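Worksheet: the structure to be examined is printed underneath.
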Amino acid sequence: MAVVQTSVPPKSPTGDRPLTLDLVLDELAKSGLVELRQIDELRSTSKFRSYDHPLVLIAEQKWRGALPPHRMLTLEALTEWLARRLDVPYVHIDPLKVDFSAVSSVMSSSYAQRYRILPIEVTGDRVVVATSEPFVRSWVPEISQLLRRRIELVFANPLDVKRYVAEFFSLAQSVKRASETAVDDKAAVSSFEQLVQFGAQGGTQGGTPDANDRHIVRIVDWLWQYAFEQRASDIHIEPRRDQGIVRFRIDGVLHQVYQIPIPVMTAMVSRIKLLARMEIVEKRRPQDGRIKTQSAEGQEVELRVATMPTAFGEKIVMRIFDPDVLMRDFRELGFTEDDLARWNDMINRPNGIVLVTGPTGSGKTTTLYSTLKQLATPEVNVCTVEDPIEMVEPAFNQMQVQPQIGVDFESGVRTLLRQDPDIIMVGEIRDLPTAEMAIQAALTGHLVLSTLHTNDAPGAITRLIDLGVPPYLVNSTLIGVMAQRLVRTLCPKCKQASDDLDEETWGTLTRPYRAQKPAQVYRPVGCLECRMTGFQGRIGLYEVMLMTPELRKIVLRGGDLEQIREQAFRDGMKPLRTSGAHKIALGLTSVEEVEKVAPP
């Protein structure tokens, strides 16, 4: 790449050349990216404006590029453009890929703030440093000599550098201080006192910071806000032999975020258990709880917390529930017009059983809650029995399964039947007694919604019969079954057209139906909007099977799964893969995503 001749800012006594507004505006004028009129207007008013960085001031003008494709000149776009003009490597700082503890070991926070730099990668022989001042380099030899490593300089968004310098160093400092507190506490406790404490607390050793330690509070608060910002659906805090691991599940994929010392991780778990109203000293059995907190924008967020004892300590998982999910339209969830018509036909019956099937994490809870939210009018009594209660919703009467005191799904449904319900939601049909109670509720005039773990919709019928439900009761109560999966949706900003789809693959996706192959399909690429994954969000694939008279005859005759499936296809059921093919044709997802979640 040829080096572009640029305006050179004046040197400081140290030889550094800070970026100036005049330099950046000159480069904009030379490139023709912005009209001269706009540049002159900004020059004339800049003396009356205060700004942190010239690129920030220019981004605030919300100019559109004068050259095709006339995109908005955001701060990130301007940073990438200037990096090319100055022939400096550009990078977008991805917090998920930064080791905070390694970063903080390279330099101090005050040093990073002074030079507007941030180490983002540390290896045995080099350190990659992001900067918002590419001509300020007096610090490079000093750091290189001190660390005895090669320094690689990259240009990054100035606001990102400023923000992450504050966040990363603050977090690393909190972890360090919490660890030091643990060491001090451990030294202060004698061997006898440790023995007494170990016995009194059921295995809690000295050397762990307090759950209310201000550093632990800060770390946990940061973790939540960071997860909300990254669109995580789950937060995993996992103990290992030598350290703790924090991972986020984003669009169904786990990403490692941070490594923390075991004492700090233990204190974090205690802090979370305290907020979730769990027994802090009980570490030998699993516990469930929930926490209500707020995002940075002030929106209420609910976390469902579950702990599990492992070989190296307590593992904790926090599932993040967005209250807005209950307000989403069925079409936003991925229903086609035909799917929606069939689903509405099923849920608007006065009595009977409607089942949703699929593996864990396939969106069954979202579908059921969205459905109940629609059905829960002031004239209707909606009752649920769940294990655990996923989301607390004021419009429902929700009951938690508690096996330790004899409250299981079977007894829960029996209790609900005495509460004058119109609609009952059973979290899951796991055994024959629960299935029999659901059937009893349906036979006595109630609409029952529940879930079942099967691979497809026709498999729900054979599953019920395998549990011991007589075929005639299946016929008389089952309204229909819907199987579902979730696929990641392509990022609309960066997806690219592809001609990789062949006739054979398309035929496999649409079987047993025939559909014309789309003129083009799309593949993931990766950009800043989707954090370089190529995907942003998820959407549902649905297989909706209505119990028709022909299907009931096959069930009554004792037909096998293949006969039931073939009849369901004749009755208009579209398989999961066909639903995926429809999403592929619309450019919403990729062939690989559908093949991964809906195998033949």
Side-chain angles (χ1 to χ4, degrees), residues 231 233-234 249-255 331-336 338-339 342 356-364 366-367 451-460 463 481-527 530-545 561-562 564-566 568-569 572-600:
R231 300 181 293 106
S233 61
D234 300 84
R249 188 177 294 280
I250 303 171
D251 293 336
V253 179
L254 278 172
H255 300 265
R331 291 176 182 82
E332 292 181 67
L333 297 177
F335 281 72
T336 63
D338 182 57
D339 293 337
R342 285 169 157 254
V356 180
T357 76
T360 301
S362 59
K364 301 188 298 296
T366 298
T367 300
T451 67
L452 205 61
H453 286 292
T454 61
N455 290 327
D456 58 7
R463 173 66 175 152
V481 185
M482 181 172 73
Q484 68 176 79
R485 299 290 189 279
L486 291 177
V487 292
R488 293 185 293 172
T489 52
L490 292 165
C491 173
K493 298 287 186 181
C494 66
K495 65 181 181 181
Q496 283 187 359
S498 169
D499 56 0
D500 294 341
L501 182 62
D502 55 63
E503 290 287 350
E504 183 180 352
T505 303
W506 182 251
T508 304
L509 289 171
T510 56
R511 192 178 299 127
Y513 298 95
R514 291 183 180 178
Q516 185 176 357
K517 191 180 81 166
Q520 65 181 15
V521 295
Y522 291 86
R523 63 179 181 85
V525 177
C527 67
C530 61
R531 297 178 176 85
M532 306 309 294
T533 63
F535 297 94
Q536 192 170 29
R538 290 190 290 176
I539 198 167
L541 307 183
Y542 302 96
E543 177 181 272
V544 189
M545 182 187 75
L561 179 59
E562 197 56 41
I564 294 172
R565 186 178 288 119
E566 289 175 3
F569 289 150
M573 181 189 80
K574 295 180 175 62
L576 286 166
R577 279 202 147 202
T578 301
S579 178
H582 179 69
K583 304 293 191 297
I584 292 169
L586 293 175
L588 295 175
T589 191
S590 67
V591 175
E592 293 74 21
E593 274 294 299
V594 173
E595 290 179 330
K596 183 170 67 177
V597 304

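In this chain, residues are counted from 1 in sequence order. Nothing here was measured: the structure is a model prediction, and the numbers come from that model.
Shown here for L576 and L541, the closest heavy-atom pair between the two residues is CD2-O, 3.5 Å. Residue C530 comes nearest to G526 through the heavy atom pair SG-CA, 3.8 Å, listed as atom of the first residue, atom of the second, then distance. Scanning both residues, L490 and G587, for their nearest heavy atoms gives CD1-O, 3.9 Å. Scanning both residues, P458 and M573, for their nearest heavy atoms gives CG-CE, 3.9 Å. Between P359 and H453, the closest heavy-atom pair is CA-ND1, 4.2 Å.
Between atom SG of residue C494 and atom OH of residue Y522 there is a gap of 12.5 Å, rounded to the nearest 0.5 Å. Here CG of D339 is found 11.5 Å from CG of L333. Values are rounded to the nearest 0.5 Å. Interatomic distance, Q484 CD to T367 OG1, rounded to the nearest 0.5 Å: 3.5 Å. Here NZ of K364 is found 8.0 Å from OG1 of T357. Values are rounded to the nearest 0.5 Å. Once rounded to the nearest 0.5 Å, the distance linking CG of L509 with OG1 of T578 reads 8.0 Å. Taking OG of S498 as the start and CD of Q520 as the end, the distance is 9.5 Å to the nearest 0.5 Å.
For N455, the CG atom is loosely surrounded, since the number of other residues' heavy atoms within 6.0 Å does not exceed 12.
In this structure I539 satisfies the side-chain contact (heavy atoms from CB on, under 4.5 Å) test together with V487, T489, K583, L588, sequence neighbours excluded. For E504, the salt bridge (charged side-chain N to carboxylate O under 4.0 Å, His left out) test picks out no residue, with sequence neighbours left out. Residues meeting the side-chain contact (heavy atoms from CB on, under 4.5 Å) test with D251, sequence neighbours left out: R231, R488, R538. Partners of R463 by side-chain contact (heavy atoms from CB on, under 4.5 Å), not counting sequence neighbours, listed by chain and number: L452, T454, L467. Residues passing the side chain to side chain donor-acceptor pair (under 3.5 Å) test with S590: none are found, sequence neighbours excluded. Under the side chain to side chain donor-acceptor pair (under 3.5 Å) criterion, E566 pairs with no residue, sequence neighbours left out. For E595, the side chain to side chain donor-acceptor pair (under 3.5 Å) test picks out no residue, with sequence neighbours left out. For R342, the salt bridge (charged side-chain N to carboxylate O under 4.0 Å, His left out) partners at least two apart in sequence or on another chain are D338. Taking the side-chain contact (heavy atoms from CB on, under 4.5 Å) definition, one finds that A519 meets it with nothing, sequence neighbours left out. K495 pairs by the salt bridge (charged side-chain N to carboxylate O under 4.0 Å, His left out) definition with nothing, not counting sequence neighbours. Partners of F535 according to the ring-ring contact (aromatic ring centres under 6.0 Å, His included) rule, which considers only residues two or more places apart in sequence or in another chain, do not exist here.
Judged purely by atom type and a 3.5 angstrom limit, E543 has no side-chain atom pairing as donor or acceptor with the backbone of A483. Side chain of R577 to backbone of A598: a donor-acceptor contact under 3.5 angstrom is found.
Each side chain to side chain donor-acceptor pair (under 3.5 Å) pair with one or both residues in residues 505-517, not counting sequence neighbours, appears once here: D502-T505.
S233 has its side chain within reach of R249: a pair of non-hydrogen atoms, C-beta onward, lies under 4.5 Å apart.
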